[in-house]
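Remarks on the structure that follows.
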Amino acid sequence: MKSFYITTAIDYANGSPHLGHAYEKVLTDVVARFRRLMGDDVYFLTGIDEHGQKVQQSAAKRGIEPIELCDEAAGQFKELCSSLNISNDDFIRTTETRHKDVVRSILQDLFDRGEIYQAEYKGFYSARAEQFLQEKDMVDGKWPEIFGEVTEITESNYFFKLSKYQDWLVEHIKTHEDFIFPRFRAKQVLEFLKEPINDLCISRPKERLEWGIPLPFDEGYVTYVWFDALVNYISAVGYGTPDFDKYWPVNYHVIGKDILLPPHSVYWPIMLKAIGVEIPSSLLVHGWWSINGDKMSKSTGNFIEPSEFVKEYSVDALRYFLIREMSVGQDSDFSDELFTNRYNSDLANDLGNLLNRVLTMTPRYCGETFPARTISEEPEKELEEAWANTEGKVVELYEEFQFHKGLELAFAFIRSINRYAEQRSPWKLAKSEDQKDKDTCATALSLMAEALRRAVGLLEPVMPETTVRVYELLGYKSDAPWLERLKPSDALTGAKVGEKVILFPKPQQEKK
RNA sequence: GGGCCUGUAGCUCAGUUGGUUAGAGCAGUGGACUCAUAAUCCAUUGGUCCUCGGUUCGAGUCCGAGCGGGCCUACCA
């Protein structure tokens, strides 16, 4: 069995889940589920990043211990995962021993190899903001009020030698076209690497930052941001143990476009290279959601609470929208109107209503089980042909992360089932006394159910609950591998027709 | 300053290595039908493919310039 390791970025504990987090989880989950269905041994990791100044500050402000704040955040993000039906195999927290041990061992290793050195850092420090300021923070050549008193100080810190690996990294990106997906993102990285890169400051003195992992070779410091956070990807799969190479190197790190450069495309590969570990196979870089055309931002408060949509509609409805509407890598817009349109026309009208038609007509005209199909004429052949043109293509599109296009094709097929229903009009045939008409009627209803069975199979990576639900309602049971379940079959013949249900109810429309 | 992405019907987007009358879904309009969540099906309206110039027998597709939008360069998924 081929192993397949995939991760999301870890979310920062000092914040609440919003649509962006939800999307990344769902996207990664869809890939993970798809690979599982394709027979891979999948390990899917997500988690949160708990150290750092902001967590320390927020906790202090609320008068609680940092770890208490992290426990809260961990709860929230785990809740997000379960409410989105995320199938992660692991959830890592950077305060866990298994993680801290790996971080310290890597730091020690690099220190011993001479890849980390101590140097003086000189800069303008704001005591109020507890951070060094950059020139860009200046307004009209002055430090703004909010920083309070700013003084130039010298601080000793530890640095990681990034620059010596720059040429190697450029070469690697140039020769590995699938290292960064979508490919246009790689251009940005290469552009960045045309300039010499600076060594990376990886420490903070404990007086300034307490909430972190102490450097093993100098307990007066903690490590800062990336040497802590990025390492989660290997600490979760047993770096340093014999099991490590079961899943490493990772197949995909799924990340937002904001943390591609420099952390995931520069720091992380170089860190791994420096400790002699294989670097990630690929970075899957997604875009951002805007809300009603505006950038999602803390100041305008236009955050979308994913849980609201799950509550109002369903998990699968939200998952469907997120995956159907966004082309992986590009940005996309989220609005109530877009959501409602998708929900009503695709899910409720095309898919839900079709199921409803099948579940209503079959018992009425044919009895409690799906009858055998005995007729195969032009309409049947056309529908089968439509399926033949759909199935393989959708799987192919999924493999290329073109989920939105895959779903588009899947729903085009669902519409052709509706079209077939009109052509055959079982409700008319049922009134006929003619045996041929009765056979055609039975065939039509049975084929509609069968076609629907295959169609919802295609939706499984994106809408797992829906697939299972429809299978149940069609009386379909199978342990067969996914690709086999997508094949035409007689499995429904004789299967018991389920109770009539409304799969995707439309919320009460407001009266005007 | 440098760089990346993007600009195709009212809306969201497809348009493969340049090749005949530019496509889909939604929305709109007309019709059919009644099994169904006023649903589905059929037909149909709608486009100077941002602008200008170039290469070519031929460009939405390639090249150049410009304009608009988003973003990176500068730790928000």
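Residue numbering restarts at 1 for every chain, and letters A, B, ... go by the order of the sequence lines.
- Residue N341(A) has its side chain nearest to C26(B) when only C71(B), C26(B), C75(B) are considered.
- The aromatic ring centres of Y313(A) and F321(A) sit 6.0 Å or more apart.
- Comparing K405(A) and K500(A) by the nucleotide of RNA chain B that holds the closest heavy atom to each, the one mapping nearer the 5' end is K405(A).
- Taking atom CG of L19(A) as the reference point, atom P of C76(B) lies 18 Å away to the nearest angstrom.
- Ring pair F334(A)/F309(A) is perpendicular by interplanar angle, where above 60° counts as perpendicular and below 30° as parallel.
- Of the candidates C75(B), G2(B), U37(B), the closest approach to any side-chain atom of E191(A) belongs to G2(B).
- Here E325(A) lies in heavy-atom contact (under 4.0 Å) with sugar-phosphate atoms only.
- Picking from C5(B), C35(B), C72(B) the nucleotide with the shortest atom distance to the side chain of Q188(A) gives C72(B).
- Rounded to a whole Å, the CG atom of L260(A) is 11 Å from the C1' atom of C4(B).
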N/O donor-acceptor pairs under 3.5 Å from side chains in residues 410-424 of chain A, not counting sequence neighbours:
from	atom 1	to	atom 2	distance (Å)
S416(A)	OG	A412(A)	O	3.4
S416(A)	OG	F413(A)	O	2.7
N418(A)	OD1	R357(A)	NH1	2.9
N418(A)	ND2	D350(A)	O	3.3
Y420(A)	OH	E380(A)	OE2	2.5
E422(A)	OE2	R357(A)	NH2	2.9
R424(A)	NE	E380(A)	OE2	2.9
R424(A)	NH2	E377(A)	OE1	3.2
R424(A)	NH2	E380(A)	OE1	2.8
R424(A)	NH2	E380(A)	OE2	3.3

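- Aromatic rings from H404(A) and Y320(A) are positioned such that their centres are separated by 6.0 Å or more.
- C4(B) atom C1' lies 14 Å from atom CZ of F192(A), rounded to whole Å.
- D333(A) places its CG atom 10 Å from the C1' atom of U12(B), with the value rounded to the nearest Å.
- The nucleotide whose nearest atom lies closest to any side-chain atom of W288(A) is, among U34(B), U37(B), C76(B), C76(B).
- At least one side-chain nitrogen or oxygen of K187(A) sits closer than 4.0 Å to the OP1 or OP2 atom of C5(B).
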Pull out every protein N or O sitting under 3.5 Å from an N or O of nucleotides 40-46 of chain B, one pair per line with the distance.
from	atom 1	to	atom 2	distance (Å)
U40(B)	OP1	N349(A)	ND2	3.4
U40(B)	OP1	D350(A)	OD1	3.4
U40(B)	O2'	R357(A)	NH1	3.2
U40(B)	O2'	E422(A)	OE2	2.8
U40(B)	O2	E422(A)	OE2	3.4
C42(B)	OP1	R419(A)	NE	2.8

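- Under a 3.5 Å cut-off, the side chain of S446(A) and the backbone N or O of P371(A) do form a donor-acceptor pair.
- Nucleotides U29(B) and G15(B) have their C1' atoms positioned 27 Å apart, rounded to a whole Å.
- Nucleotides G7(B) and U12(B) place their P atoms 12 Å apart, quoted to the nearest Å.
- The residue E337(A) sits apart from the nucleic acid: no heavy atom pair falls under 4.0 Å.
- When the P atom is compared between C63(B) and G46(B), the two are found 33 Å apart, to the nearest whole Å.
- Partners of E472(A) by salt bridge (charged side-chain N to carboxylate O under 4.0 Å, His left out), not counting sequence neighbours: none found.
- When rounded to the nearest whole Å, the span between NE2 of H404(A) and C1' of G25(B) equals 13 Å.
- Per the geometry, CD belonging to Q402(A) stands 12 Å off C1' belonging to U16(B), to the nearest Å.
- Annotation: C13(B) and G31(B) have their P atoms spaced 33 Å apart (nearest Å).
- Taking the C1' atom of each, C26(B) and A9(B) are spaced 12 Å apart, rounded to whole Å.
- Separation of the P atoms belonging to G10(B) and U6(B) is 22 Å when rounded to the nearest angstrom.
- G60(B) and U21(B) have their C1' atoms separated by 16 Å, given to the nearest Å.
- Counting any heavy atom pair closer than 4.0 Å across all strands shown, L261(A) reaches sugar-phosphate atoms only and no base atom.
- Nucleotides A24(B) and A14(B), compared at atom P, are 16 Å apart to the nearest Å.
- Between Y343(A) and F504(A), the ring planes lie perpendicular to each other; the angle is over 60°, past the 30° to 60° tilted range.
- Rounded to whole Å, the distance from CG on N292(A) to C1' on U12(B) is 14 Å.
- Of all nucleotides listed (C5(B), C33(B), G25(B)), C33(B) comes nearest to the side chain of W427(A).
- Between Y320(A) atom OH and G25(B) atom P there is a gap of 13 Å when expressed in whole angstrom units.
- The aromatic rings of H253(A) and W268(A) sit tilted relative to each other, their planes meeting at an angle between 30° and 60°.
- Closest-nucleotide positions on RNA chain B for D331(A) and M361(A) were compared, and the one nearer the 5' end corresponds to M361(A).
- For E368(A), the CD atom sits in a loose shell: 12 or fewer heavy atoms of surrounding residues, nucleotides or ligands are nearer than 6.0 Å.
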